[in-house]
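All residue numbers refer to positions in the sequence shown, counting from 1. Worth saying up front: this structure is predicted, and the values here are computed from it rather than measured. For the numbers below, each heavy atom of this structure counts, side chains included, while hydrogens, waters and symmetry mates do not.
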Amino acid sequence: MKKVFTKAFLGLCALGTSVVAFAQDTAPVVEQSFHQALKIKFIEGSADFMSTVAIALILGLAFVLERIIYLNLADTNSEKLLKGIEAALDKGDVEAAKAIARDTRGPIASIAYQGLMRIDQGIDVVEKSIVSYGGVQGGLLEKNLSWITLFIAMAPSLGFLGTVVGMIMAFDKIEQVGDISPTVVAGGMKVALITTVGGLVVALILQVFYNYLLSKLESILNKMEDASITLLDLVIKYDVKYKK
């Protein structure tokens with residue numbers, strides 16, 4: 001009986017030792033992080049074409065970051081601004097209303113300031129000023145978005161270019177070796193597939209950010225339109241009250 005327990009104990013010890021050894025052997029595989037695996041695939045996908053895809057991603061994200069910062073700074077509290085202007089115009093203090101618009105950042109405040117600068121020239125001039133300067137501010141909000149769309153289109157195109165080059169490499173190997181075995185064409189096919197995946201992933205990442213920027217831009221433009229209409233109403237009230 002003791003021999004059975006001894007053999008079982010020794011067997012468990014051997015099994016435990018084997019598990020520990022196996023875990024130690026497989027530890028480097030587990031420790032291989034995402035960026036290490038990504039680096040390996042980057043090299044396997046031909047550094048020349050993968051570098052161009054990576055550059056498209058970096059430049060695209062740079063424009064994305066710039067637009068995110070700009071649009072978030074441009075998205076101010078328009079209701080607070082208009083209430084301050086309304087309170088100043090109710091008192092007949094145009095200079096105070098101008099100061100409120102001048103000291104507030106964002107396109108809505110800039111449009112309000114341009115309109116208030118011409119408040120003595122009549123409602124038609126104020127309206128034209130608001131519309132004209134609103135177009136200018138809208139153009140500034142949309143600035144650099146075209147570059148993001150360019151990199152969204154470029155990334156998969158560069159990936160497909162790598163695909164074509166990979167297929168050419170595979171056919172060159174076939175021509176050199178005179179055989180169509182999997183080992184001959186595997187290298188070229190790997191380059192083709194990895195570059196395609198890289199380009200599509202970059203395009204998807206930039207597309208998500210681009211859609212976010214479009215939604216942010218549309219929100220600000222809607223606020224600009226509402227604020228412009230409200231500002232015109234305030235100017236009309238001021239004219240009726242103080243320019244009889």
Q.
According to a hydrophobic-cluster definition based on side-chain heavy atoms being under 4.5 Å apart (Ile, Leu, Val, Met, Phe, Trp, Tyr only), do W147 and V208 belong together?
A. no

Q.
Please give me the minimum heavy-atom distance between S78 and I108, naming the atom from each residue.
A. CB-CD1, 3.6 Å

Q: Just grab all the ring pair (Phe, Tyr, Trp, His ring centres under 6.0 Å) pairs involving residues 203-222, residues at least two apart or on different chains.
A: none

Q. Which distance, rounded to the nearest 0.5 Å, do you find between the CD1 of I119 and the OG of S129?
A. 11.5 Å

Exercise answer: donor-acceptor pairs, residues 94-104 side-chain atoms, under 3.5 Å, sequence neighbours excluded:
| unit_1 | atom_1 | unit_2 | atom_2 | d |
| --- | --- | --- | --- | --- |
| T104 | OG1 | I100 | O | 2.7 |

Q | I85 to A112 - nearest heavy-atom pair and separation | A | CD1-CB, 3.9 Å

Q: Using side chain to side chain donor-acceptor pair (under 3.5 Å) as the criterion, list what pairs up with E79, not counting sequence neighbours.
A: none

Q | Heavy-atom closest contact (E142 atom, L217 atom, distance) | A | CG-CD2, 3.5 Å

(Q) E86: which residues meet the side chain to side chain donor-acceptor pair (under 3.5 Å) condition with it, sequence neighbours left out? (A) none

(Q) Show me the pairs that pass side-chain hydrogen bond (donor to acceptor under 3.5 Å, both in side chains) and involve residues 150-162, at least two apart or across chains. (A) none

Q: Answer with yes or no whether the hydrophobic clustering places I68 together with L145; edges join I, L, V, M, F, W, Y residues whose side-chain heavy atoms lie under 4.5 Å apart.
A: yes

Q.
Please enumerate all residues that pass side chain to side chain donor-acceptor pair (under 3.5 Å) together with N211, with sequence neighbours excluded.
A. Q207

Q) Do you know the tightest heavy-atom contact between L141 and A74? A) CD2-CB, 3.9 Å

(Q) For a 4.5 angstrom cut-off between non-hydrogen side-chain atoms, does V202 reach I205? (A) no

Q.
Taking the side chain as everything from C-beta on, heavy atoms only, tell me whether L200 gets closer than 4.5 Å to V197.
A. no

Q. Is there a donor-acceptor pair under 3.5 Å between the side chain of T149 and the backbone N or O of S146?
A. yes

**Q.** Student check: side-chain heavy atoms of V126 and Q121 closer than 4.5 Å
**A.** no

Q.
Applying side chain to side chain contact (heavy atoms under 4.5 Å, CB included), can you list everything that pairs with E66, at least two apart in sequence or on another chain?
A. Y70, N144

Q) Would you say the side-chain atoms of R67 pair up with the backbone N or O of K143, donor to acceptor, closer than 3.5 Å? A) yes

Q: State, yes or no, whether a side-chain contact exists between L204 and I152 at a heavy-atom distance under 4.5 Å.
A: no

(Q) Please give me the minimum heavy-atom distance between L82 and L234, naming the atom from each residue. (A) O-CD1, 3.9 Å

Q) How many angstroms lie between CG in L71 and CD1 in I220, if you round to the nearest 0.5 Å? A) 4.5 Å

Q. Partners of I123 by side chain to side chain contact (heavy atoms under 4.5 Å, CB included), sequence neighbours excluded?
A. L232, V235, I236, D239

Q. Is any side-chain heavy atom of K216 closer than 4.5 Å to a side-chain heavy atom of N72?
A. yes

Q. Can you tell me how far CE of M224 sits from CD1 of I229, rounded to the nearest 0.5 angstrom?
A. 12.0 Å

**Q.** ILVMFWY cluster membership beyond I69 - transitive side-chain contacts under 4.5 angstrom
**A.** L65, L73

Q) For residues 218-235, which residue pairs qualify under side-chain hydrogen bond (donor to acceptor under 3.5 Å, both in side chains), counting only residues two or more places apart or in two chains? A) D75-K223

Q) In the hydrophobic clustering (ILVMFWY, side-chain contacts below 4.5 Å, transitive), which residues join Y113, or is it alone? A) M117

**Q.** Distance in Å, L59 CG paired with F151 CZ, rounded so as to fall on 0.5 Å steps
**A.** 4.5 Å

Q) Which residues pass the side chain to side chain contact (heavy atoms under 4.5 Å, CB included) test with T76, sequence neighbours left out? A) R105

(Q) On a heavy-atom basis, which atom in Q137 and which in S110 lie closest, and how many Å separate them? (A) NE2-CB, 4.0 Å

